[in-house]
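Below you'll find the structure, written out as structure tokens, and then a few comments.
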Amino acid sequence: MSFNKFYQEIAQNRLNHWLNTLPAQLTQWKKEHLHGEFAQWQKTLAALPKTTPSVINISDGVSVGKKEDISEGEYKRLENLLKKFKPWRKGPYHIHGLHIDTEWRSDFKWDRLKEHISPLKNKYVLDIGCGSGYHLWRMRGEGAKFVVGIDPTQLFFTQFNAIQHFVNDSKVNLLPLGVEQLPELHAFDTVFAMGVLYHRRSPIDFIYQLKAQLVKGGELVLETLVVDGDENTVLVPGERYAKMRNVWFLPSCDAMCAWLSRCGFKNIRVVNTDITALDEQRKTDWIDTESLADFLDPNDSSKTIEGYPAPKRAIFIANS
């Protein structure tokens, strides 16, 4: 797995100062931190059919090619190979007529936020905790000049590269890093952090890390789980929340706004709140695991199985 193309890209743009630290980090990652199945995933990637898509649409979704672009044998091979990367969490994707029906309908979230954000045309965009990168493609589809996603989960990195195999766009990239590994780049016009804050043990440190990636006056788009209450209301769940172990802080909307203000953000607004619905996160043939219906109280869907308020999400926009 080579990152040379990415290095070549950023050497010629405003991210060139990242080359001071990034190559050494990724070299160490390759030496010391590869997942046990990573080599097999790379073999599977290498076996994906080389195709010439008749159409690529990343404006209305993420759709590459048509079924008639490839033979029936290639289609069956494609399905077999891509299913080796289960579970597919974020999407959906359509690759030569194959519908990767992911657990999350990430397009629903995109539809909720896209009318509220500043135009992405010609912008440098960072998506922190981007999963398999579904939203990276949608950002590029909105005209972003250069898009970078970071996510330390190596299966998501592999899934992204499976889609990249067909789209082949050097201006869209995913790096297998966590936010704590980012230097203070101060280089992105827009930073997205969606579905990450509640997994961080120190949300205030996390907010400062986000701010350190933005140009002065840049835009933060933050989506997180929230609870009802005033600016002093924060839920700190026990060992699990909706069967997730690593959930630490669920603030109210007012508390989240106060945190952003305390960290120096301005023009803070809540642009959407939404109860996660069973048609947005659900079990499919592409995950083989439990999903939202299994995480809620079977007798009261307004509560998680542990008795906490069911997942409610809010989108915040602010300027550095």
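In this chain, numbering begins with 1 at the start of the sequence shown.
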Any chance you could measure I128, atom CD1, to F192, atom CZ, to the nearest 0.5 Å? 11.5 Å
Under a 4.0 Å N-O cut-off, is there an ion pair linking K83 with D288? no
Shared ILVMFWY cluster between V270 and L210, side chains joined below 4.5 angstrom? yes
Please determine, by modelled atom types, if Q281 and T276 share a side-chain donor-acceptor pair under 3.5 angstrom. no
Take a 6.0 Å sphere around NZ of K30 and say whether it holds more than 12 heavy atoms from other residues, nucleotides or ligands. yes
Is atom CD of E32 surrounded by more than 12 heavy atoms (other residues, nucleotides or ligands) closer than 6.0 Å? yes
Does atom NZ (K243) have a neighbourhood of more than 12 heavy atoms from anything else shown, all under 6.0 Å? yes
Would you check, one step at a time, whether the test salt bridge (Lys or Arg N to Asp or Glu O under 4.0 Å) holds for R112 with D274? CA-CA 9 Å; R112 287 197 293 270; D274 189 75; 3.4 Å; yes
Sub-6.0 Å ring centroid separation between F157 and W29: yes
Might you work through the side-chain contact (heavy atoms from CB on, under 4.5 Å) test for L175 and Q181, ending with a clear yes or no? CA-CA 11 Å; L175 301 175; Q181 294 169 282; over 6 Å; no
Check whether any side-chain heavy atom of V147 lies under 4.5 Å from a side-chain heavy atom of D127, and answer yes or no. no
Check for a donor-acceptor pair, side chain of H96 on one end and backbone N or O of D69 on the other, with a separation under 3.5 Å. no
Would you check if the side chain of E37 reaches a backbone N or O of L155 as a donor-acceptor pair within less than 3.5 Å? no
Do P49 and R77 come close enough that some side-chain heavy atom pair is under 4.5 Å? yes
Rounded at 0.5 Å granularity, tell me how far CG in D297 sits from OG1 in T304. 8.0 Å
For K145, which residues count as a side chain to side chain contact (heavy atoms under 4.5 Å, CB included) partner, sequence neighbours excluded? Y124
Any side-chain to backbone donor/acceptor pair from H33 onto Q28? Under 3.5 Å, distance only. no
Hey, is the main chain of D230 close enough, under 3.5 Å, to the side chain of S252 for a donor-acceptor pair? yes
Looking only at heavy atoms, what is the nearest atom pair of W248 and P237, with distance? O-CD, 3.5 Å
State which residue, out of K90, R89, R282, fulfils the salt bridge (Lys or Arg N to Asp or Glu O under 4.0 Å) condition with D101. R282
Would you please test I207 and M256 for side-chain contact (heavy atoms from CB on, under 4.5 Å) and show each step? CA-CA 10 Å; I207 294 167; M256 186 72 238; 3.6 Å; yes
Worked verdict on Y93 versus S132 for side chain to side chain donor-acceptor pair (under 3.5 Å): CA-CA 11 Å; Y93 303 100; S132 63; 3.0 Å; yes
Given E239 and R245, is the salt bridge (Lys or Arg N to Asp or Glu O under 4.0 Å) satisfied, shown in steps? CA-CA 6 Å; E239 186 178 342; R245 286 185 183 276; 2.7 Å; yes
So for atom CG, which belongs to N16, do other residues, nucleotides or ligands contribute more than 12 heavy atoms lying within a distance under 6.0 Å? yes
Could you state the interatomic distance from CD1 (I70) to CD (E68), rounded to the nearest 0.5 Å? 10.0 Å
Flag the pair L113 / N272 as yes when at least one side-chain heavy-atom distance between them is below 4.5 Å, and no otherwise. no
Carefully, step by step, assess D107 and R105 under the rule salt bridge (Lys or Arg N to Asp or Glu O under 4.0 Å). CA-CA 5 Å; D107 50 333; R105 287 294 304 270; 2.7 Å; yes
For R262, does the CZ atom sit with more than 12 other heavy atoms under 6.0 Å from it, leaving out its own atoms? no
Pair T158, N161: side-chain N/O donor-acceptor within cut-off below 3.5 Å: no
Does any non-hydrogen side-chain atom of L26 lie less than 4.5 Å from one of F6? no
Please find the pair of heavy atoms, one from F166 and one from A162, that lie closest to each other, and give the distance. CD1-O, 3.2 Å
Within the structure provided, determine whether I10 and V148 are in side-chain contact (heavy-atom separation under 4.5 Å). no
Candidate pair H116 and R269, rule side-chain contact (heavy atoms from CB on, under 4.5 Å), full reasoning: CA-CA 10 Å; H116 300 290; R269 59 258 192 222; over 6 Å; no
Close side-chain approach of P311 to L292, heavy-atom, < 4.5 Å: yes
Exam field: side chain E142 to backbone R138, donor-acceptor pair closer than 3.5 Å: no
Distance, nearest 0.5 Å, that separates CD of E280 from CH2 of W104: 5.5 Å
Start with the C-alpha distance between M244 and F295, add both sets of side-chain angles, then the distance that settles side-chain contact (heavy atoms from CB on, under 4.5 Å), and finish with yes or no. CA-CA 9 Å; M244 292 185 286; F295 307 152; 6.0 Å; no
Determine whether V215 and D189 make a side-chain contact, defined as any pair of heavy atoms from C-beta on separated by less than 4.5 Å. yes
Heavy-atom pair with the smallest gap, counting every atom of Q209 and E180: NE2-CA, 3.7 Å
Could you tell me whether the side chain of E74 and the main chain of S71 form a donor-acceptor pair under 3.5 Å? yes
Is there side-chain contact between I163 and Y134, with at least one heavy-atom pair below 4.5 Å? no
Closer than 3.5 angstrom, by distance alone: can the side chain of E219 be matched with the main-chain N or O of I117 as a donor-acceptor pair? no
Heavy-atom donor-acceptor pair, N267 side chain to N319 backbone, under 3.5 Å: no
Rounded distance [0.5 Å steps], CG in N168 versus NZ in K50: 11.0 Å
Please walk me through it: do E223 and R313 pass salt bridge (Lys or Arg N to Asp or Glu O under 4.0 Å)? CA-CA 7 Å; E223 187 251 29; R313 293 175 177 271; 3.1 Å; yes
Is there a donor-acceptor pair under 3.5 Å between the side chain of K211 and the backbone N or O of L260? no
Interatomic distance, H186 atom NE2 to R14 atom CZ [nearest 0.5 angstrom]: 13.5 Å
Could you tell me whether K67 sits above the aromatic face of Y75, with NZ or CZ closer than 6.0 angstrom to the six-membered ring centre and within 45 degrees of the axis? yes
Between K84 and W41, is NZ or CZ placed under 6.0 angstrom from the six-membered ring centre and within 45° of the ring axis? no
Any donor-acceptor pair under 3.5 Å linking the side chain of E231 with the backbone of C253? no
Evaluate the ring planes of F188 and W18, with Trp represented by its six-membered ring, and classify them as parallel (under 30°), tilted (30 to 60°) or perpendicular (over 60°). perpendicular
